[in-house]
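Here's the structure, in structure tokens; my notes come after.
The structure displayed is predicted, hence computed values, not measured ones. Numbers here are sequence positions counted from 1.
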Amino acid sequence: QLQLVESGGALVQPGGSLRLSCSGSGFTLDYYAIAWFRQAPGKEREGVSCISSYGDSTYYADSVKGRFTISRDNAKNTVYLQMNSLKFEDTAVYYCTADLKCGVETPGLSSWGQGTQVTVSS
């Protein structure tokens, strides 16, 4: 399995910003679609965003459109999720996964990392 590590989560006030990072270990992220998911306590996991292999296309959940931006830095072998105008409902553990392409989940391709906690609170 491909190994991914999430980082960048923090406690932030409503309206604030954070940038999450998804870094690969032992493989090149640009070969794969990278998706961000989140899961809040007691709730189902939901897809947040995805960037296609080689960065040709990006996708966002309706709940985050206009506020979040996904991008790649191939030199650093990292995918970022820039989160602006954060809301209480953005509070969750955020995970990244590797897939063959956006829109088609590829179970087992990448292992689940530890996730990174984002807490939006006043």
Side-chain angles (χ1 to χ4, degrees):
Q1 290 182 309
L2 309 179
Q3 295 179 324
L4 296 166
V5 178
E6 305 92 344
S7 63
L11 173 65
V12 64
Q13 294 184 344
S17 298
L18 287 172
R19 189 181 72 169
L20 306 184
S21 297
C22 176
S23 298
S25 178
F27 72 101
T28 301
L29 270 64
D30 198 41
Y31 296 163
Y32 302 92
I34 303 297
W36 284 96
F37 294 83
R38 66 187 181 187
Q39 188 166 29
K43 296 186 177 181
E44 298 288 333
R45 182 192 68 183
E46 64 172 330
V48 176
S49 184
C50 185
I51 185 166
S52 64
S53 57
Y54 305 102
D56 291 338
S57 301
T58 57
Y59 304 88
Y60 301 94
D62 289 340
S63 59
V64 306
K65 284 182 179 178
R67 300 189 297 119
F68 291 11
T69 302
I70 191 169
S71 63
R72 291 182 181 270
D73 186 335
N74 293 332
K76 297 181 179 179
N77 203 33
T78 299
V79 169
Y80 300 103
L81 184 67
Q82 178 67 45
M83 306 186 297
N84 299 324
S85 301
L86 284 162
K87 304 175 180 179
F88 292 118
E89 52 263 43
D90 295 320
T91 296
V93 178
Y94 284 71
Y95 303 90
C96 57
T97 65
D99 297 301
L100 297 180
K101 61 181 180 181
C102 289
V104 181
E105 195 170 345
T106 313
L109 178 60
S110 62
S111 60
W112 289 99
Q114 82 285 355
T116 187
Q117 177 71 53
V118 173
T119 302
V120 183
S121 177
S122 60

Review point. Side chains of V48 and F68: closer than 4.5 Å at any heavy-atom pair?
Key: yes
Check your understanding: So, for Q1 and S111, which heavy atoms are closest and what is the spacing to 0.1 Å?
Key -> OE1-CB, 3.5 Å
Review point. Is it true that a side-chain atom of T106 and a backbone atom of D99 form a donor plus acceptor pair closer than 3.5 Å?
Key: no
Exercise for review: Using distance alone, with no hydrogens and no angle criterion, decide if T78 and S21 have a side-chain donor and acceptor under 3.5 Å apart.
Suggested key: no
Practice item. Spell out, yes or no, whether V5 and V118 are grouped together once hydrophobic residues are joined by side-chain heavy atoms under 4.5 Å, including indirect joins. Key: no
Check your understanding: Centres of the Y95 and W36 rings: under 6.0 Å?
Key -> no
Exercise for review: Would you check if the side chain of Q117 reaches a backbone N or O of A10 as a donor-acceptor pair within less than 3.5 Å?
Suggested key: no
Check your understanding: Does any N or O in the side chain of S121 come within less than 3.5 Å of the main-chain N or O of T119, such that one atom is a donor and the other an acceptor?
Key -> no
Point to revise | Minimum heavy-atom distance between I34 and I70, given as atom pair plus value | key: O-CD1, 3.8 Å
Study note, to complete from the structure: On a heavy-atom basis, the closest approach of G47 and A61 is O-CB, 3.5 Å
Practice item. Keeping the roles fixed (side chain from R19, backbone from G9), state whether a donor-acceptor pair exists under 3.5 Å. Key: no
Practice item. Name the orientation class of the two ring planes belonging to Y54 and Y31 (parallel below 30°, tilted from 30 to 60°, perpendicular beyond 60°). Key: tilted
Practice item. Indicate yes or no for a side-chain donor-acceptor contact from S49 to the backbone of Y59 under 3.5 Å, with no hydrogens or angles considered. Key: yes
Review point. Got a second to check how far R45's CZ is from Y94's OH, nearest 0.5 Å?
Key: 14.5 Å
Exercise for review: Quick one: do L100 and L109 satisfy side-chain contact (heavy atoms from CB on, under 4.5 Å)? Show the steps, please.
Suggested key: CA-CA 8 Å; L100 297 180; L109 178 60; 4.2 Å; yes
Check your understanding: At what distance, to the nearest 0.5 angstrom, does OG of S63 lie from CD of E46?
Key -> 5.0 Å
Check your understanding: Does some side-chain heavy atom of L86 sit less than 4.5 Å from a side-chain heavy atom of L18?
Key -> yes
Exercise for review: Can you see which heavy atom on Q39 is nearest to which on K43, and at what distance?
Suggested key: NE2-O, 3.1 Å
Study note, to complete from the structure: Residues pairing under disulfide (SG to SG under 2.5 Å) where one sits in residues 17-69, two or more places apart or in two chains, turn out to be C22-C96, C50-C102
Exercise for review: With sequence neighbours excluded, tell me which residues meet salt bridge (charged side-chain N to carboxylate O under 4.0 Å, His left out) with D56.
Suggested key: none
**Study point:** Hphob cluster co-occupancy, V64 + F37, side-chain heavy atoms under 4.5 angstrom
**Key:** no
**Study point:** Basic-acidic side-chain contact under 4.0 Å: D62, K65
**Key:** yes
**Study point:** Atom pair CE/CG of M83 and L81 - distance to nearest 0.5 Å
**Key:** 6.0 Å
**Study point:** Side chain to side chain, T69 and Y80, heavy atoms closer than 4.5 Å
**Key:** no
**Study point:** Donor-acceptor pair, side chain of N77 and main chain of F27, under 3.5 angstrom
**Key:** yes
Review point. Just by modelled atom types, is the R67 backbone N or O under 3.5 Å from a matching donor or acceptor in the Y60 side chain?
Key: no
Exercise for review: Hey, could you give me the NZ/OG distance between K101 and S52, rounded to the nearest 0.5 Å?
Suggested key: 11.5 Å
Practice item. Would you confirm whether R72, through its side chain, and L29, through its main-chain N or O, come within 3.5 Å as a donor-acceptor pair? Key: yes
Study note, to complete from the structure: Heavy-atom closest pair (F88 atom, V120 atom, distance to 0.1 Å) is CD2-O, 3.3 Å
Exercise for review: For residues L20 and Q82, determine if any side-chain heavy atom of one lies less than 4.5 Å from a side-chain heavy atom of the other.
Suggested key: no
Check your understanding: Where the side chain of S110 meets the backbone of A98, is there a donor-acceptor pair that is under 3.5 Å apart?
Key -> yes
Check your understanding: In terms of hydrophobic clusters joined by side-chain contacts under 4.5 Å, are I51 and L2 together?
Key -> yes
Review point. Just wondering, more than 12 heavy atoms not from Q114 lying within 6.0 Å of its CD?
Key: yes
Exercise for review: Without swapping roles, check the side chain of S25 against the backbone of L4 for a donor-acceptor pair under 3.5 Å.
Suggested key: no
